[in-house]
Every structure is written in C-alpha cells, then in structure tokens.
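Here is the structure we will look at, set down as structure tokens.
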Amino acid sequence: STTEMPATTAPAGQRRGVWLTGRMEAGEVPAAMRDLGALAGAVGGKVVAAILRHMCTGYNSSGFPDLVLWTWHEKVGDVDAGAKSEARFVEVKSENDMLSRRQELWLAILHGAGAQAEV
C-alpha cells in the first residue's frame with residue numbers, strides 16, 4: 001500500500017510531499033522525515049513533550065505560533081559542524097494586532113519548556 005507523508009518544510013513558494021511504498025531500507029529516509037527529525041532535534045525533547053502534552057490534553061492547536069524557524073547542523077563523515085542546532089517559534093502580529101488568549105497560552109507553554117518564542 002502507499003502512504004502519503006505530510007510535507008514539513010519547503011523552499012519559498014513550493015510544497016513538498018513524500019510518498020512511501022512498502023518498507024524502507026536503512027538509509028532511505030525521505031527528506032521530509034529527515035526535516036521533521038531535524039526540527040525535533042533543534043526544538044529539543046522537553047519542548048516537543050510540552051507541545052504534545054498540551055495537544056493531547058486540550059486537543060486544540062489554535063493559537064500555535066505562525067512560524068517555526070530552525071537550523072540543524074549535521075556531522076559530515078567525521079567532521080562535526082560545531083554549531084548548536086536551534087529553533088525559534090514566532091507569532092506574527094501587525095502594529096495594531098493583539099495576542100489572543102490561546103496565543104498567550106501557547107507562548108507561555110513554549111517559554112515554560114525552555115523554547116525561544118517571540119512576537
């Protein structure tokens with residue numbers, strides 16, 4: 001059977017999807033799944049756990065920040081990039097716009113878990 005995996009990142013103006021058929025062999029991890037792993041690694045386990053905990057108990061992603069930006073530095077052979085992976089959650093607002101109660105809650109959850117989150 002064929003399973004469609006959701007796109008996780010894409011260059012500006014593009015959408016990327018991945019189709020998986022059958023079993024994957026070692027080393028055949030689709031790019032979208034690598035991106036998801038990179039994001040989880042950059043965000044950190046404590047933040048991922050806080051996000052999942054809130055989504056499981058409240059089952060509402062309303063108010064989650066508009067953008068998640070991250071950098072991921074991989075080891076290439078025996079050479080380590082040396083830089084730390086980072087992630088940042090960004091809520092975009094105009095000068096006249098205010099945070100909703102749910103947006104404030106999400107920012108508090110993310111801050112409480114140690115994430116960089118900003119407006």
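Computed from a predicted structure; not experimentally measured.
Q103 places a side-chain N or O within 3.5 Å of a backbone atom of S100 that can act as its donor or acceptor partner. Judged by distance alone, the side chain of D66 and the main-chain N or O of E91 form no donor-acceptor pair under 3.5 Å. Looking at H111, its side chain does come within 3.5 Å of a backbone N or O of L107 through a donor-acceptor pair.
Considering every non-hydrogen atom in both G63 and W106, the closest pair reads C-CD1, 3.3 Å.
Between F89 and V47, the closest side-chain pair of non-hydrogen atoms falls below 4.5 Å. Considering only heavy atoms from C-beta on, R88 stays 4.5 Å or farther from L67 through its side chain. Counting heavy atoms from C-beta on, the side chains of L39 and V68 come closer than 4.5 Å.
The one candidate from V43, I51, L105 that meets the side-chain contact (heavy atoms from CB on, under 4.5 Å) condition with L110 is I51.
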